[in-house]
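Bear in mind the structure is a predicted one, so any value in this text is a computation, not a measurement. Whatever order the structure lists them in is the order used to number ligands and atoms, beginning at 1. The basis for the numbers below is simple: all heavy atoms, side chains too, and nothing from hydrogens, waters or symmetry mates.
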Amino acid sequence: MITMDDIVREENPILYQVAKEVTLPASQEDIDTLQDMLMYLKNSQDEEIATKYGLRPGVGLAAPQIGLSKRMIAVHFDDFDEKSYSYGLFNPKIISHSVEKAYLSTGEGCLSVDREVPGYVPRYARITVKATDIDENEIKLRLRGFAAIVFQHEIDHLNGVMFFDHIDKDDPFKIPEDAKPVD
Ligand SMILES: O=CN(O)CCNC(=O)c1cccc(Cl)c1Cl
Ligand code: NI
């Protein structure tokens with residue numbers, strides 16, 4: 001089981017590398033790892049388990065965060081529109097996005113960052129993602145709202161980008177132009 005001991009923190013260079021594509025069909029080892037990543041998210045959202053094992057809650061997780069520089073992400077959350085997302089994905093790719101931007105008014109957090117970094121994180125309001133799911137199916141997801149934000153946070157991790165890289169240094173709470181708050 002993945003615990004906080006397995007999560008690499010922001011000083012680790014692996015978080016700033018571009019992760020490698022997973023050769024498909026995925027190895028059993030990569031499938032098991034992706035399953036474990038999804039399980040971490042579910043455990044971290046279970047009050048009892050999270051308390052018992054000291055898990056920080058997460059709605060997404062990227063393989064570089066557990067020291068594996070491979071293009072694998074897991075997401076597990078319910079969006080504001082009651083749609084629920086629970087995926088383990090190989091090689092996710094943003095194939096199109098809106099010009100319009102969006103941001104979470106609460107800002108973002110990261111398991112690999114043991115500190116609050118205040119500020120708005122401007123992201124695309126809508127994205128289309130292509131990926132291969134844990135059962136080797138090619139999927140295409142059209143995302144908006146919170147889901148679009150989470151997927152961008154995770155795919156950023158595969159490209160060595162951290163959420164605070166997007167925060168305006170001079171004015172962290174500057175409303176990004178033509179951007180709307182998701183929540
Ligand atoms: O890369 C994933 N993490 O670091 C897990 C912890 N952060 C979150 O769950 C989180 C919190 C707020 C906004 C976003 Cl977009 C995300 Cl993703
Ligand atoms: Ni993160």
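Between the side chain of Asp6 and the main chain of Thr3, a donor-acceptor pair closer than 3.5 Å is present. For the pair Asp79 (side chain) and Ala147 (backbone), a donor-acceptor distance under 3.5 Å is present.
Gln28 and Asp32 share a side-chain donor-acceptor pair at under 3.5 Å.
Of all protein heavy atoms, the one lying nearest to atom 5 (C) of ligand 1 is Gly60 O, 3.2 Å. When only non-hydrogen protein atoms are considered, atom 17 (Cl) of ligand 1 lies nearest to Glu154 OE2, 3.3 Å. In terms of protein heavy-atom proximity, atom 8 (C) of ligand 1 is nearest to Gly109 O, 3.8 Å. Of the protein's non-hydrogen atoms, the one nearest atom 9 (O) of ligand 1 is Val59 N, 2.9 Å. Closest to atom 4 (O) of ligand 1 among all protein heavy atoms lies Leu111 N, 2.8 Å.
Ring geometry, Phe77 versus Tyr85: the interplanar angle falls under 30°, so the pair is classed parallel (tilted spans 30 to 60°).
Within 6.0 Å of OH in Tyr124 there are 12 or fewer heavy atoms belonging to other residues, nucleotides or ligands. In Glu116, the CD atom is not crowded: 12 or fewer heavy atoms of neighbouring residues, nucleotides or ligands sit closer than 6.0 Å. At most 12 non-hydrogen atoms from other residues, nucleotides or ligands lie less than 6.0 angstrom from CZ of Arg144.
Close contacts between ligand 1 and Glu108 involve ligand atoms 12 (C), 13 (C), 15 (Cl) [criterion: under 4.0 Å to a heavy atom]. Within ligand 1, the atoms closer than 4.0 Å to a non-hydrogen atom of Leu104 are 13 (C), numbered from 1 in the order shown.
Contacts of Gln152 with ligand 1, taken as heavy-atom pairs under 4.0 Å, are absent altogether.
Any N or O atom pair closer than 3.5 Å counts here, and Ser112 shares no such pair with ligand 1.
Geometry about the Ni ion (ligand 2) gives an angle of 100° between NE2 of His153 and NE2 of His157, rounded in steps of 10 degrees.
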